[in-house]
Every structure is written in structure tokens, then in C-alpha cells.
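Below: one structure, written as C-alpha cells.
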Amino acid sequence: MDSQKKYPQAFSLEFFPAKNAESAEKLRETYTQLAPLKPGFVSVTFGAGGSTQERTFDTVREIKQHTGIDVAPHLSCIGSTKDNIRQILHNYKTQSIRRIVALRGDMPSGMREAGEFRFANELVAFIRAETGEHFHIEVAAYPEFHPQAPSAHADLLNFKRKAEAGADGAITQYFYSPDAYFRFVESCEKLGLDLPIVPGIMPITNFVQLARFSDACGAEIPRWLRKRLEAYGDDMKSLRAFGLDVTTKLCGDLLAGGAPGLHFYTMNQAGPTLALWQRLGLQSKGP
Ligand code: FAD
């Protein structure tokens, strides 16, 4: 973990663009409640194939205007063209956006053409070629390995390609086993990689939803945790209290082990992230 300990710990939040007026209002309440935490930045997801493109733009603009916090739009390249990505980068530059989370994304069902980018490393290289050092580029990392990777080693080599293409940092897929993260970082160190790899943290609020997400994205819910969560059934209050204990311990272990910060997947809800942040005593760690 030596590669990670030298980076100052930074804490960030992730939101997704709202689908309608009601969820837009909820998102507004959420970021207003979370802004006083002074996260290092907040990120806003981007539906692959451009499915949320306009809503991502609007959300980025709105959060930046209302909170003054640095906003990092996610940008996924699958199904896109170089011209389209160039245009998006130009728009972000004119809005003084300095940070981007560069992703491949997943091909939306019904979409056949992969477009002009196949993998995220090509997007990172393109952003660097087009905009030089303007953007701080984050990429995705997978301590439990990406579900489509043929092997753990192949996925590590992919991560290396993204770093070598010009990524400044990485945010991980969520996980509940700190050892998966520590081992991943050690493997990166053996490959000579040296960039901050910030754990992505998914609060536990709903077992059915979490199990569905985890199956889709390859994040593992350890058996002991799955069994405990299943046993709560409809008792959401107890499940959330237990989930908060589990994620607080996870975050504490990661920070104590040298993780260079945490990135919270808020799921557009303030309560779980706020509780976790306060339990960890992170209030004063923002810029
Ligand atoms: P890549 O790094 O391109 O990897 C994808 C797969 O291809 C991996 O299995 C990799 O091993 C393999 N691969 C890479 N290069 C090669 C190569 N040259 N040859 C063969 N195989 C290769 N999705 C969204 O749609 N919108 C979002 O906003 C979003 N935000 C995310 C944020 C974070 C922090 C994370 C962890 C994920 C996010 N995702 C998002 C999900 C992500 O888009 C998916 O996990 C997607 O399947 C992979 O994207 P990637 O950028 O990691 O792809």
C-alpha cells in the first residue's frame, strides 16, 4: 500500500441525473444536504450510448452553480464518435470543468454499433490528445475484476493501459472485502503503477436492489454478509443499521490501511452517506 499512502485522503460523492421533475427535486434536496460536507468533488454519471447526455449536462451545471463544488462528469465512450466526444469535451472546457471520469460504459440493449471507441483506454488517450492536461482524468478500477475480463491478470493489464494512456487516478467498483482492494493495489504496485486508487463505497440500504446491482456489475457480496442481509427480510430499519455498521467498518479498515480517500455512491440519497461520513468523522476533511 506504499503507493497509496503518500496521497492526501480525498472524499467525493457520486450522483446520477434525475429522470423526472420529482426525482430532480429529490436530487436537489440531496446535494443541498450533502454540500456542507465539502467533498473534494462530486461526480455525475452518464448513461452509456449517450442515453442521459442532456440530463448529465444539466445536472453538472446545476450542481456546480448551486454548490460551487467541483463537479466531475462521467463520460462513457461506447457507441460514440470522436466528433461527439470532442464536442462534449469542448462544452465542459468552456464551463471550466477540470475533472472527468472516463469510462467505456456498457452497450445499451438494442444498440449494435460500438462506435469509434472500443475500450476506456482509447477514450483516455483521446481526451489527452484533444485537451492536453486540462482535465484531471479518473478511470474505473475493479478490485474483484470486471465481469467481462477473461482473467484477473488481463483485467489488471487493462487497468495498466488506462493508467499509461494518461489517467491521473482511479475510483473502484464497490466491494465489501477490504482484502480485495489491498490485493488489487499490491498487484498494481508490482506492475509499477502509481496513481491514487480510491475505493468506491456503496451504502447498504436495500438488499434486493444491492443483490441485483452486484450480479450485474460483478461486485461480490460475501456469503456471510448476504446471509445476514437476507435474514432481515422486510425489517429495513434493522437492515440499514446493520449495513451502516458494516460499511463504517469497511471504510475505517480501508483508511487505516492507507486508502487515499473514499468515493461514495450516494444513489441520490443523503441519509446513508451523511450517516457514514459522520460516523467516520470525515466532516473536516474537505478542501
Ligand atoms: P474498460 O476499462 O474499457 O474495460 C471493459 C472490459 O474490457 C474489461 O473487462 C477489460 O478487462 C476489457 N478490456 C479493456 N481493454 C481491452 C483490450 N484492449 N482487449 C480486450 N479486453 C479489454 N457506466 C456508465 O454507463 N456510466 C457511468 O457513469 C458509469 N460510471 C462508473 C463509475 C465507476 C467508478 C465505475 C467503477 C463504473 C462505472 N460505470 C459506468 C460502469 C462501467 O461503464 C462498466 O463497468 C463497463 O462495463 C466498463 O467500463 P470501463 O470504463 O471500466 O471499461
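The chain is numbered in sequence order, starting from 1. The shown structure was predicted, so the numbers you read here are calculated from the model rather than taken from an experiment. When a ligand or atom number is given, it counts from 1 through the structure's own listing order.
- Checked by distance only, ligand 1 and Arg118 stay at 3.5 Å or farther apart across all their nitrogen or oxygen atoms.
- Close contacts between ligand 1 and Ala149 involve ligand atoms 9 (O), 11 (O) [criterion: under 4.0 Å to a heavy atom].
- The same ILVMFWY cluster, assembled from side-chain heavy atoms under 4.5 Å apart, contains both Leu282 and Leu250.
- Checked against salt bridge (charged side-chain N to carboxylate O under 4.0 Å, His left out), Glu25 has the following partners two or more places apart in sequence or in another chain: Arg28.
- Heavy atoms of Phe117 stay at 4.0 angstrom or farther from ligand 1.
- At a 4.0 Å heavy-atom cut-off, ligand 1 does not touch Phe145 at all.
- Ligand 1 does not have Phe16 within reach: every non-hydrogen atom of the residue lies 4.0 Å or more from it.
- Every N/O-N/O distance between Ile171 and ligand 1 stays at or above 3.5 Å.
- The protein atom (non-hydrogen) at minimum distance from atom 3 (O) of ligand 1 is Ala120 N, 2.8 Å.
- Taking the ring centroids of Phe207 and Tyr232, they lie at or beyond the 6.0 Å cut-off.
- In this structure, the protein non-hydrogen atom closest to atom 46 (C) of ligand 1 is Asp106 OD1, 3.4 Å.
- Atoms of ligand 1 found under 4.0 Å from any heavy atom of Asp155 (numbered from 1 in listed order, with element): 8 (C), 9 (O), 10 (C), 11 (O).
- Ligand 1 places these atoms under 4.0 Å from at least one heavy atom of Ala140: 35 (C), 36 (C), 52 (O).
- Considering backbone and side-chain atoms together, Gly105 places an N or O closer than 3.5 Å to an N or O of ligand 1.
- Between Ser76 and ligand 1, a contact under 3.5 Å exists for no N or O pair.
- Here the side chain of Thr131 pairs no donor or acceptor atom with the backbone of His134 at under 3.5 angstrom.
- Residue-to-ligand polar distances keep Tyr265 apart from ligand 1: every N/O pair is separated by 3.5 Å or more.
- Close N/O approach between Gln173 and ligand 1 is not found [any backbone or side-chain N/O within under 3.5 Å].
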Taking distance alone, no hydrogens or angles, what donor-acceptor pairs closer than 3.5 Å link side-chain atoms of residues 69-78 to residues at least two apart or in another chain?
{"from": "His74", "atom 1": "NE2", "to": "Ser43", "atom 2": "OG", "distance (Å)": "2.7"}

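- Contact analysis leaves Val101 out of contact with ligand 1, as no non-hydrogen atom separation drops below 4.0 angstrom.
- Atom 32 (C) of ligand 1 has His74 CE1, 3.6 Å as its closest protein atom, hydrogens excluded (heavy atom only).
- Counting heavy atoms closer than 4.0 Å to ligand 1, residue Leu103 contributes atoms from both its backbone and its side chain.
- Figure legend: Arg99 and Phe41 shown as a cation-pi pair, the cationic atom lying under 6.0 angstrom from the six-membered ring centre and within 45 degrees of its axis.
- Checking Asn84 against Thr81 by side-chain atom types alone, no donor-acceptor pair falls below 3.5 Å.
- Per-residue contacts place His146 under 4.0 angstrom from the following atoms of ligand 1 (heavy atoms of the residue considered): 6 (C), 8 (C), 9 (O), 45 (O), 46 (C), 47 (O), 48 (C).
- Residue Arg104 touches ligand 1 through backbone and side chain together, judged by heavy-atom distances below 4.0 Å.
- Atom 37 (C) of ligand 1 has as its closest protein heavy atom Tyr142 OH, 3.9 Å.
- Here Lys249 does not pair with Asp245 in a salt bridge; the nearest charged N to carboxylate O distance is not below 4.0 Å.
- Remark: ligand 1 atoms within the under-4.0 Å shell around heavy atoms of Thr45 are 28 (O).
- The six-membered or imidazole ring of Phe184 lies away from that of Phe175, with a centre-to-centre distance of 6.0 Å or more.
- Heavy-atom contacts from other residues, nucleotides or ligands closer than 6.0 Å to NZ of Lys5 number more than 12.
- Polar contact with ligand 1: present for Lys162 (N/O pair, distance under 3.5 Å).
- A salt bridge links Lys6 with Asp194; the closest basic N to acidic carboxylate O contact falls under 4.0 Å.
- Salt bridge status for Arg118 with Glu122: present, with a side-chain N to carboxylate O gap under 4.0 Å.
- Remark: minimum distance from atom 14 (C) of ligand 1 to any protein heavy atom is reached at Asn158 OD1, 2.9 Å.
- Residue, atom and distance of the protein heavy atom nearest to atom 20 (C) of ligand 1 are Phe119 CZ, 3.7 Å.
- For an aromatic pair to be called close, the ring centres must be under 6.0 Å apart, and His263 with Tyr265 satisfies this.
- Residue Ala102 has no nitrogen or oxygen atom sitting less than 3.5 Å from a nitrogen or oxygen atom of ligand 1, judged on distance alone.
- Neither the backbone nor the side chain of Phe159 has any atom closer than 4.0 Å to an atom of ligand 1 (non-hydrogen atoms only).
- The pair Arg86-Glu130 meets the salt-bridge criterion, since a charged nitrogen lies less than 4.0 angstrom from a carboxylate oxygen.
- In terms of protein heavy-atom proximity, atom 24 (C) of ligand 1 is closest to Phe46 O, 3.5 Å.
- A salt bridge does not link Lys190 with Glu186: none of the charged nitrogens is closer than 4.0 Å to a carboxylate oxygen.
- In this model, a donor atom of one side chain and an acceptor atom of the other lie less than 3.5 Å apart for Ser214 and Tyr174.
- When heavy-atom distances to ligand 1 are checked against a 4.0 Å cut-off, Arg161 comes that close only through its side chain, counted from C-beta outward.
- When each atom of ligand 1 is checked for a heavy atom of Gln148 under 4.0 Å away, the hits are 9 (O).
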